Amino acid sequence: MQYAHDPALLLARFQFAFTVGVHIIFPAFSIGLAAYLAVLEGLWLRTGRPVFLDLYRYWIKVFSIVFGMGVVSGLVMSYEFGTNWSVFSKKAGPITGVLLSYEVMTAFFLEAGFLGVMLFGMNKVGRGLHFAATCCVSVGTLISMTWILSSNSWMQTPRGYTIDPATGRFMPADWLAIIFNPSFPFRLVHMGLAAFLSVAFIVGATGAWHMLKARKAGKISSEPVRVMFSMAMWMAAIVAPLQILAGDAHGLNTLKYQPAKIAAMEGDWVSEDHAPELLFGIPNMKTEHTDYAVKLPLAGSLILTHSLNGKVPGMKDFPRDQRPPSPVIFFSFRIMVALGMLMMLVGLWSLWLRRNSTLFTNPLFHRVALCMAPAGFLALLCGWITTEVGRQPWTVYGLLRTSDSVSPVALSSMAFSMTAFVVVYVLVFGSGLGILVRMLGRAPQEGEHDTPPSHASGILATSMHPGVIDPSTGKGA
Amino acid sequence: MMDFAYWLPIIWAVILVAAISIYVVLDGFDLGIGMLFALERHPDRRDVMVNTIAPVWDGNETWMVLGGAVLYGVFPGAYATLLPAFYLPIVLMLLALIFRGVAFEFRVMTRGTGREGMWNAGFMAGSAIAAFCQGAILGGVVQGIRVVDGAFAGGPLDWLTPFSILCGLSVMCGYALLGATWLIWRTTGVLEASCRRWAARLAVGLFIGIVAVSLWTPLLHAPYLRRWTDWPNIAFVAPVPVLVVVLGALFVMGLRRGHSKGPFLCALGWFFLCLSGLGITVWPYAVPPGLTLWDVSSPPSSQFFQLIGTAILLPIILTYTIYSYHVFRGKVTQTDGYH
């Protein structure tokens, strides 16, 4: 722990957290949106209803932006393990590096290889083949999630390894045990549902915005708007409750394998049965006490063990230098749960309105759905913070400390790169967000045109420069 | 087991060099096109340039992710020493690639607003900086890094030397040449004609770069020199410089006679020869001058498990990558683009 306050270590951690925190939004967005696009195109091919094609063309423009931002922010991640965590990479690379390589070979290439056809190939290949390309991209995003969560889960609940006494390296002993480590299935389901839910709320909010706008203009909202709103609310109604069940199961799994993380999430210091649940409080790591606690009797045991007298761990069960920073994850966990509950309520409310046939006419609900736009992503980020900060002070849980994982990089270099990352990310991803908001502010049209405007450049350019006749437009070959 | 532990890193070194070579030529022409924005100011022709690579750049960049991942999984000792050693140029390259990557979409999404110029500049500068950093990192690896007890022990600017700067500039020139010859193949009219002019000049620049780097490299470390001058090595390596000159002649011919694919293939050949030359020079070191492939590799069980997947997946990847290029084959003009 002597390095715990080393500024280079803190910067390395903060930089990694910042870059991965920005990155995670985009793959989650791509996972949900690629699946939605595959469903839309499938429905279009099956029913022939033009509304599905309109929606496909509307959302694929968003997808091309989101995917591009995911690629460039992800490239950073694949090198940052080495730049910031070289000791970790050297020791755990024989396991996590191999999993990452499999991710690249089974997922990234598949996505990238068929993305071109998906974005620009509608008129170049047949409908069936184009649909296959969309499905490949969607499956690619899911495979990618599977590998990276396997790798992440292995860091949380390592299995199937031996440690080489000479070098301290993790040596693979059983690949199936490594890949299907105990927390992996739970994390995979929880993250997958989170991605679907996040996108459902973005799609829903976009629909809600355009219905509110139409209402203000005294018009009836268009069919594509209603269809996407309805689809999004179905997702919310079905997936949000499932997500709460999945989260509960993941919590039980964490209690079994990472009890210190649970104690820190709950702000509990003393292990007890009949434990209360803290609705609020400020955990203090120095005084080993949670101040201003608002307690709900027995609920802690009930939630974590599904029985009123179940024993719940406390942070004092663990040495001081093995406790995760409770104040961070106490709150991130509660924000995530609160948002999850809100999303479920919105889903259930939509079912009620649907029954009364007022789903498309209730402006209050549309306003709520609009405000909930970022709810899924915020919950996802809070969940990510909870599980990653909750893993501290370890990179490989119980085996390799974060302070022993860091690269021998000079503080000045770290400080320079941190500044550069923040400036560039704010500029680039801020602009990206602005572009996305503007795109979504434009309602989907009936007969939505088939190119992402980003690449209708020829058309746009010619119409913008009508006087310019470029000889290069002549067919030469 | 001993044989296994000996051969696996060699097989992986070949795969890694192949992945890096594929990355260098594929993303090379993407980055080259970005740099050629500096010479081509006409907005319509710039759109054509971007449209020739828009459907494939993403896959091209994935080879770099593969390079990083293979290094991480198979040669973690190299990954863990090279990345801290080249911390600043790597971060700079990644940031540059971010600008380049998002500019594909952003420059058109902001069309008609004041920001379009910013993203065009980002596309151009991002490509140029990424190309320079890649060359400088390559040069930095060849000149070697200071390693103590298997960890990088040098300073943050050790990589920055006249040699690495020369390598950076040569790679910029080479990528621009790849971009220009790619456009000769894939476009028509005014743009194609301009590219033929640019390609001729860039080829001269690259040729000078190759000669300078080739003469300088053997002077960096004694083993490098012996690799190229000792008998019988010299019999195997002598064809490399000869082929460079032969390709040069073919290139000039192709350019003069109006071949569309020829100049691009010659440029590819040059890159292949340069990378082979570097491989021959550095062999068998992964982190010159001290760490060999075997010093930095992961346990055979890791390498073997990854090799099985690679043997199955790499041919599949190559198949659908070629298919994707096939779908978007042919000359790109302003009117057809990809709409």
Side-chain angles (χ1 to χ4, degrees), chain A residues 64-65 68-69 71-72 75-76 78-79 81-83 86 89-90 93-94 97-98 100-102 104-106 108-109 112-113 115-117 120-121 124-125 171-172 175 407-410 413 417 420 424 428 431-432 435 451 454-462 470-477, chain B residues 43-45 47 51 54-56 58-59 61-62 65-66 68-70 72-73 76-77 79-80 83-84 87-88 90-91 94-95 97-98 101-102 104-106 108-109 111 151-152 156 188-191 298-299 301-302 305-306 309-310 313 317 320-321 324 327-328 331 333-335 337-339:
Chain A
S64 70
I65 297 272
M69 292 198 280
V71 168
V72 295
L75 180 67
V76 172
S78 72
Y79 283 85
F81 291 115
T83 51
S86 65
S89 324
K90 196 172 170 180
V98 174
L100 183 67
S101 302
Y102 267 97
V104 179
M105 290 188 296
T106 56
F108 291 173
F109 276 113
L115 182 76
V117 178
F120 312 113
K124 299 229 169 206
V125 299
M171 316 284 269
W175 282 103
S407 297
V409 169
S413 302
S417 65
V424 169
V428 168
S431 305
I435 288 170
T451 2
S454 50
H455 300 281
S457 37
I459 298 167
L460 281 176
T462 342
D470 190 322
S472 70
T473 51
K475 299 273 177 190
Chain B
D44 295 356
R45 288 196 287 271
D47 282 342
N51 279 342
V56 292
D58 212 330
E61 197 171 279
T62 306
V65 185
L66 180 67
V70 165
Y72 180 19
Y79 185 79
L83 269 63
Y87 184 82
L88 291 175
I90 283 175
V91 167
L94 294 172
L95 293 173
L97 288 173
I98 288 179
V102 297
F104 275 96
E105 302 287 341
F106 288 9
V108 183
M109 292 294 172
R111 182 141 294 173
F152 172 62
T188 57
V190 173
L191 184 56
S298 59
S301 49
S302 293
F305 179 69
Q306 196 169 331
T310 309
L313 293 164
I317 290 167
Y320 61 65
T321 304
S324 168
V327 168
F328 297 102
K331 295 267 187 189
T333 60
Q334 241 165 287
T335 41
Y338 293 110
H339 332 116

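Bear in mind the structure is a predicted one, so any value in this text is a computation, not a measurement. Here is the naming used below: chain letters follow the sequence lines, and residue numbers restart at 1 for every chain.
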Q.
How close do A/Ser417 and B/Tyr87 get, counting heavy atoms only, and between which atoms?
A. OG-OH, 2.6 Å

Q | Contact leader toward chain A among B/Pro84, B/Gly68, B/Gly59, where contacts are heavy-atom pairs under 4.5 Å | A | B/Pro84

Q: Search all heavy atoms of B/Glu105 against all heavy atoms of A/Ser64 and return the closest pair with its distance.
A: OE1-OG, 3.5 Å

Q | Max heavy-atom pair count under 4.5 Å with chain A, selected residue of B/Val56, B/Leu88, B/Val70, B/Ile90 | A | B/Leu88

Q. When you measure from the side chain of B/Ser302 to the backbone N and O of A/Pro94, does any donor-acceptor pair fall under 3.5 Å?
A. yes

Q. Between A/Tyr79 and B/Tyr79, what is the ring plane arrangement, given parallel below 30°, perpendicular above 60°, and tilted in between?
A. tilted

Q. Highest number of heavy-atom pairs under 4.5 Å with chain B: which of A/Val98, A/Val117, A/Leu100, A/Thr106?
A. A/Val98

**Q.** Distance, nearest 0.5 Å, that separates CZ of A/Phe109 from OG1 of B/Thr62
**A.** 5.5 Å

Q) At a heavy-atom separation under 4.5 Å, does A/Ser413 approach chain B through its side chain, its backbone, both, or neither? A) both

Q: Of all the heavy-atom pairs spanning A/Pro408 and B/Phe152, show the shortest one and how long it is.
A: CG-O, 3.7 Å

Q. Quick one: what part of B/Leu66 sits under 4.5 Å from any heavy atom of chain A, side chain, backbone, both or neither?
A. both

**Q.** Max heavy-atom pair count under 4.5 Å with chain B, selected residue of A/Ala420, A/Gly113, A/Ser101
**A.** A/Ser101

Q | Region of B/Val65 in contact with chain A, defined by heavy-atom distances below 4.5 Å | A | both

Q: Check B/Gln306 against A/Met105 and note the closest heavy-atom contact, atom names and distance.
A: O-CE, 4.5 Å

Q: Identify which part of B/Ile98 has an atom lying under 4.5 Å from any heavy atom of chain A, answering side chain, backbone, both or neither.
A: both

Q) Taking every heavy-atom pair that is under 4.5 Å apart, which of B/Ala151, B/Gly309, B/Gly101 has the most such pairs with chain A? A) B/Gly309

Q. Going through the checks in order, is the side chain to side chain contact (heavy atoms under 4.5 Å, CB included) test met by A/Leu75 and B/Leu94?
A. CA-CA 7 Å; A/Leu75 180 67; B/Leu94 294 172; 3.8 Å; yes

Q) Pick from A/Val428, A/Val71, A/Ile65, A/Ile435: which one makes a side-chain contact (heavy atoms from CB on, under 4.5 Å) with B/Val102? A) A/Val428

(Q) Testing the basics here: between B/Phe328 and A/Lys124, what is the closest heavy-atom pair and its distance to 0.1 Å? (A) CD2-CD, 4.2 Å

Q. Taking the six-membered ring for Trp, are A/Tyr102 and B/Phe305 parallel (under 30°), tilted (30 to 60°) or perpendicular (over 60°)?
A. tilted

Q. Would B/Phe106 and A/Met69 count as a side chain to side chain contact (heavy atoms under 4.5 Å, CB included) if you check the C-alpha gap in whole Å, the side-chain angles of each, and the deciding distance to 0.1 Å?
A. CA-CA 10 Å; B/Phe106 288 9; A/Met69 292 198 280; 3.9 Å; yes

Q. At a heavy-atom separation under 4.5 Å, does A/Val76 approach chain B through its side chain, its backbone, both, or neither?
A. both

